[in-house]
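Just so you know, these numbers use all the heavy atoms, side chains as well, and skip hydrogens, waters and symmetry mates. Within every chain, numbering begins at 1; the chains are lettered A, B, ... in the order of the sequence lines, protein sequences first and strands thereafter.
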4 protein chains.
Amino acid sequence: MKLNCDMGESYGPWVMGNDAEIMPFIDMANIACGFHASDPQVMSKTVAMAKEHSVTIGAHPGYPDLMGFGRKEMQFSTEELINIILYQVGALQAICSVQDTVVSYVKPHGALYNAMMSNLDTYTTVVKAISLLNADIPLMIMAMRDNEKHIAIAKSQGIGLLFEAFCDRAYMNNGALQPRRQPGAVYEDLNSIVTQAKSLIENQPVATNTGEKLSLTANTICIHGDGDLALSSVQAIRSILKSL
Amino acid sequence: MKLNCDMGESYGPWVMGNDAEIMPFIDMANIACGFHASDPQVMSKTVAMAKEHSVTIGAHPGYPDLMGFGRKEMQFSTEELINIILYQVGALQAICSVQDTVVSYVKPHGALYNAMMSNLDTYTTVVKAISLLNADIPLMIMAMRDNEKHIAIAKSQGIGLLFEAFCDRAYMNNGALQPRRQPGAVYEDLNSIVTQAKSLIENQPVATNTGEKLSLTANTICIHGDGDLALSSVQAIRSILKSL
Amino acid sequence: MKLNCDMGESYGPWVMGNDAEIMPFIDMANIACGFHASDPQVMSKTVAMAKEHSVTIGAHPGYPDLMGFGRKEMQFSTEELINIILYQVGALQAICSVQDTVVSYVKPHGALYNAMMSNLDTYTTVVKAISLLNADIPLMIMAMRDNEKHIAIAKSQGIGLLFEAFCDRAYMNNGALQPRRQPGAVYEDLNSIVTQAKSLIENQPVATNTGEKLSLTANTICIHGDGDLALSSVQAIRSILKSL
Amino acid sequence: MKLNCDMGESYGPWVMGNDAEIMPFIDMANIACGFHASDPQVMSKTVAMAKEHSVTIGAHPGYPDLMGFGRKEMQFSTEELINIILYQVGALQAICSVQDTVVSYVKPHGALYNAMMSNLDTYTTVVKAISLLNADIPLMIMAMRDNEKHIAIAKSQGIGLLFEAFCDRAYMNNGALQPRRQPGAVYEDLNSIVTQAKSLIENQPVATNTGEKLSLTANTICIHGDGDLALSSVQAIRSILKSL
C-alpha cells in the first residue's frame with residue numbers, strides 16, 4: 001500500500017501545504033502543473049524534493065482556474081480537455097527530465113477528478129490523453145465498489161490504473177465519498193483517520209457513514225498535506241506500514 | 001535559406017496573425033507556448049497545421065505576461081528563467097509528441113529574445129535551459145556582425161545555433177536592428193522587404209539605415225505573419241527561393 | 001428603440017470586433033470589464049470612443065475566465081458573484097468618472113447572462129449586486145414572452161430593467177433563442193437581420209423558427225459587432241431608425 | 001502616528017498574512033486590489049474586517065503580475081499606468097461603497113511603490129491618477145530625508161500626501177532603506193523594531209545602518225503583517241501609542 005499526497009500547490013508568493021514536512025512520509029507525490037496551482041519554479045523545487053526522498057512523481061493536472069483552484073466544474077470539448085492534460089503533463093515531464101526523473105503516473109485534480117469519476121465520457125477522454133502521451137504510465141482513479149467500467153475502458157486504450165482510497169473521508173454505502181459539506185464527511189480526529197487507513201492497508205472493509213461494511217481494493221491511500229492532522233496522520237500511517 | 005515565422009499566437013477567443021495563409025510558405029514555425037500567447041488548443045491546432053505543410057516546429061517561449069504579450073522586460077533569477085523555458089518547451093513537446101512530431105529548435109519570444117541578445121548572462125541561461133532539455137535541439141538567435149561570444153557559449157554547452165536575419169527591419173551599422181520607433185525602422189513597402197531578403201538569400205551584404213554595407217551570415221529569415229504585407233512578402237520571398 | 005452592442009472586448013495585443021466602425025451607429029455600448037475580456041487600457045479607450053459618439057455606456061461584467069471568454073458556466077456563491085460584479089462595475093465606473101461620464105446600465109456577459117436568464121436565483125443575485133451599487137442604474141435583460149418574474153424581482157429591489165431583443169438570431173415559440181448550434185439559429189443574410197430588426201422597431205411580432213408569431217417588448221436591439229454582416233446590418237438598422 | 005499595514009493579500013485558495021490577528025491593532029489597511037494579489041471575495045471580506053475594527057481603508061494597487069506578486073519592475077506608458085491604477089482603485093471603491101465605507105487613500109504596492117519613489121516621472125503619473133479620481137484622497141509615500149519635490153508635484157495636482165516610515169527596516173544615511181538583501185537590512189528582533197518605532201512616534205531621529213542620526217517626518221508607520229514578529233511588534237507599538 002502506497003501513500004500519495006497532492007504536492008507543489010503553492011503559487012508565486014503563496015504557500016500551500018507543508019510539503020517539506022510531509023514528503024519524507026509518502027510514496028507518491030501528485031505534483032500540480034500550473035493550471036489550478038503551482039508555477040515552473042514551484043514545480044522544479046517540488047520535483048527536487050520528491051527525488052530527494054525517493055518519492056514517485058505523478059502529474060496532477062487541473063482545470064485552468066487558478067482563482068478557483070481547479071475546483072469548479074468547467075466544460076471543455078474532448079479535444080480541448082486532451083490538450084489541457086497533455087500541456088500540463090508535458091511541462092512536468094520536461095522539468096522532471098532535467099532532474100533525471102520521470103512522471104510515473106497521472107492523477108487529475110479537483111473538479112477534473114470529480115468529472116472523471118462521475119462521467120464516463122470525461123473518464124474516457126482522460127484515459128485517451130494519457131494513452132496519447134505514449135509514456136506507459138498509469139492513471140490514478142478512485143477505488144469504488146465497482147470499477148469494472150473504468151478497468152475495461154483503460155484496458156481498451158492500453159492504460160494501467162492505480163486505485164486510491166481515502167482515509168480521512170467517510171464513504172457511503174454505494175462506495176462514493178459522503179459529500180464534504182455533510183457533518184461527519186471529513187474526519188477530524190486522528191483515530192478515525194488511522195483506523196480507516198489500517199482497514200485499507202489490511203485489505204479489510206471500511207465502515208461507511210451508516211456503519212455498514214464497504215470493501216475497496218486500493219493500491220494507494222490519499223493523504224492530505226494540509227490541515228492540523230496532516231503530519232500526525234501521515235506519520236501514524238507510515239508507522240503502521242513499517243510495522244507490517 | 002529557411003523562412004521562419006511566429007505562429008500560434010492566438011489566445012482563447014482572440015485570433016492573431018494569418019497562420020493558415022502563411023504556413024504553406026514557410027519552413028519553420030516558432031510556436032508560442034502559452035505564456036505570452038497561445039493555449040493548449042491553439043498549440044495543438046498550430047502543430048497540426050505545421051505538420052500538414054511539412055513545416056519544422058520550434059518552441060517559442062516567452063515571459064509569463066499575456067496582457068503585455070511577453071514584450072515587457074521582466075527580471076527572473078537564473079533558476080526561474082530556466083524553469084520558465086523548460087515548462088513551455090515541455091508542454092509543446094508533449095503536444096507535438098502525440099502528433100508524431102517533435103520540437104526541433106527553440107526561439108525565445110519578444111522581451112526574452114531581446115534580453116538574450118543584449119545580455120550574455122541571460123543568453124547563457126537560455127543556452128543552459130536548452131542543454132538541460134537534452135533533446136539535441138539548437139537555439140535560434142539573431143545574426144549579428146559578430147556572434148563569436150554566442151557561438152563560444154553555445155559550444156561550451158554542446159548546443160547548436162541557428163542564425164536569423166530580418167528582411168523587414170532596417171539594420172544599423174553595428175549590426176543591431178534600428179529601434180522600432182524610429183522612422184524607417186520597419187519597412188512598409190514590399191520592395192524594400194524583398195530586396196533585403198534577396199541580399200540575405202544570396203549571402204550579399206544588406207544596406208544599413210545609413211546606406212553602408214553590413215554582412216550577416218544567416219540560416220533563416222524571419223517573416224512576420226501579421227500586417228498587410230505579410231502574405232505578399234512571404235510569397236515573393238518563397239518565389240525567389242524556388243527560383244534558385 | 002436603442003441599438004446596443006458589446007464593445008471593448010480586445011485584450012492586450014489581441015483585437016476583437018470593429019469597435020471604431022460600429023460605434024458611430026449604436027446608442028449603447030456594453031463595455032467589457034477585464035474578467036472575460038478587456039484590460040484597463042482597452043476600457044479607457046473604449047469609454048473615450050463611446051463618449052466621442054455620444055453613446056451611452058453600460059458595464060458588461062463576465063465570469064473570470066479569459067481563455068474561455070466568459071462563455072463557460074461557472075458556479076459561484078451568491079456572495080462571490082455579487083463581489084465579482086461589483087469589482088468589474090466599480091473598475092469601469094472609475095475609468096468613466098475620469099472621462100466625465102458614467103456607467104448607465106449593466107448587461108452581464110456570456111455565461112453569466114445565460115445563467116441570469118435561465119436561473120431566477122442567479123438573476124436575483126445580479127439584481128442584488130446592482131442595487132448594492134446604489135447608482136440608480138438599470139439591468140439589461142432579454143425580452144421574453146413573459147418577463148413578469150424578472151420585473152417583480154427587480155421592482156422589489158428598486159432596480160429598473162431594459163429589455164433587449166436580437167435581430168440576428170432565430171426565436172423559438174417559447175420566446176427563447178434557438179440554440180446557436182442548430183441550423184438557422186444565427187441569421188447569415190442581411191435581409192433576415194434587417195427584417196427582424198424592423199419588426200422589433202415597429203413593435204410588430206417576429207417570426208419564430210417555425211413561422212409562428214412572437215410578440216416581444218424590447219427597449220433595445222442587440223447588435224453583434226463581429227462578423228461579415230456586422231457593419232452593414234447596423235448601418236441598415238440605423239437607417240430605418242432615422243427614417244422613422 | 002498611525003499604523004498602516006498591507007492587508008487582503010490572499011488570493012483564491014491561498015492565504016497570506018494574519019489579517020484577522022493584525023487588524024485590531026492598526027489604523028490603516030492598505031487593501032490589495034486584485035492585480036498583484038487579492039480577488040473580489042478577499043477584497044470584500046477585508047473591507048468588512050477593516051470596518052469592524054474602525055480601520056481606515058486605503059487602496060493598494062500593484063502591477064498586473066500575480067505570479068511575481070507585483071514585485072517585478074514593469075514598464076508601462078503613462079496612460080497605461082493611470083488606467084491600471086484607476087481600474088484597481090475603482091474596483092475597491094465599489095466594494096467599499098456597498099459596505100457604506102470609502103477608499104480614504106492610495107498606497108501603491110511593491111515594484112510600483114519602488115518605481116514611484118525612485119522615478120519622479122512615475123511618481124507624477126501616480127499623483128495624476130489619483131487627482132483624476134477626483135475623490136479628494138491622499139497618496140501615501142515614503143518619508144525621506146527630503147520629500148520636497150514630492151510635495152511640490154502633489155501640490156501642483158491638488159493631491160495630499162501621507163508619509164510613512166518603516167520600523168523594521170534599516171535606513172541608510174541618505175534616507176533610503178538599506179537594500180533588503182544586505183545583512184541587517186531587515187530587523188529580526190522585536191527590540192530593534194520597537195526602538196525604531198518609538199523614535200518615529202516621538203519624532204526623534206532614527207539610527208541609520210552606520211549609526212548616524214536620520215530625521216524623518218512621518219504620519220504613519222508601516223507594519224508588516226507577515227512573519228514571526230508581526231503580531232508581537234504591532235501589539236508592542238500599539239501599547240506605546242496607547243500610553244502616550
| task | Over 60° means perpendicular and under 30° means parallel, so classify the ring planes of D/Tyr123 and D/His150, tilted if in between. | result |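 If you compare the ring of D/His150 with that of D/Tyr123, the planes turn out perpendicular.
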
| message | Parallel, tilted or perpendicular: which one describes the rings of C/His224 and C/Phe166, with boundaries at 30° and 60°? | response |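 Rings of C/His224 and C/Phe166: parallel, under 30°.
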
If you count heavy-atom pairs within less than 4.5 Å of chain D, which of [options] leads?
| options | value |
| --- | --- |
| C/Gln88, C/Glu79, C/Gln93 | C/Glu79 |
| C/Ala91, C/Gly34, C/Gly90 | C/Ala91 |
| C/Ile95, C/Asn134, C/Ile82 | C/Ile95 |

| field | Verdict with reasoning, D/Gln99 to D/Ser44, per side chain to side chain donor-acceptor pair (under 3.5 Å) | value | CA-CA 9 Å; D/Gln99 297 190 37; D/Ser44 176; 3.3 Å; yes

| query | Quick one: are the ring centres of C/His53 and C/Phe25 less than 6.0 Å apart? | reply | no

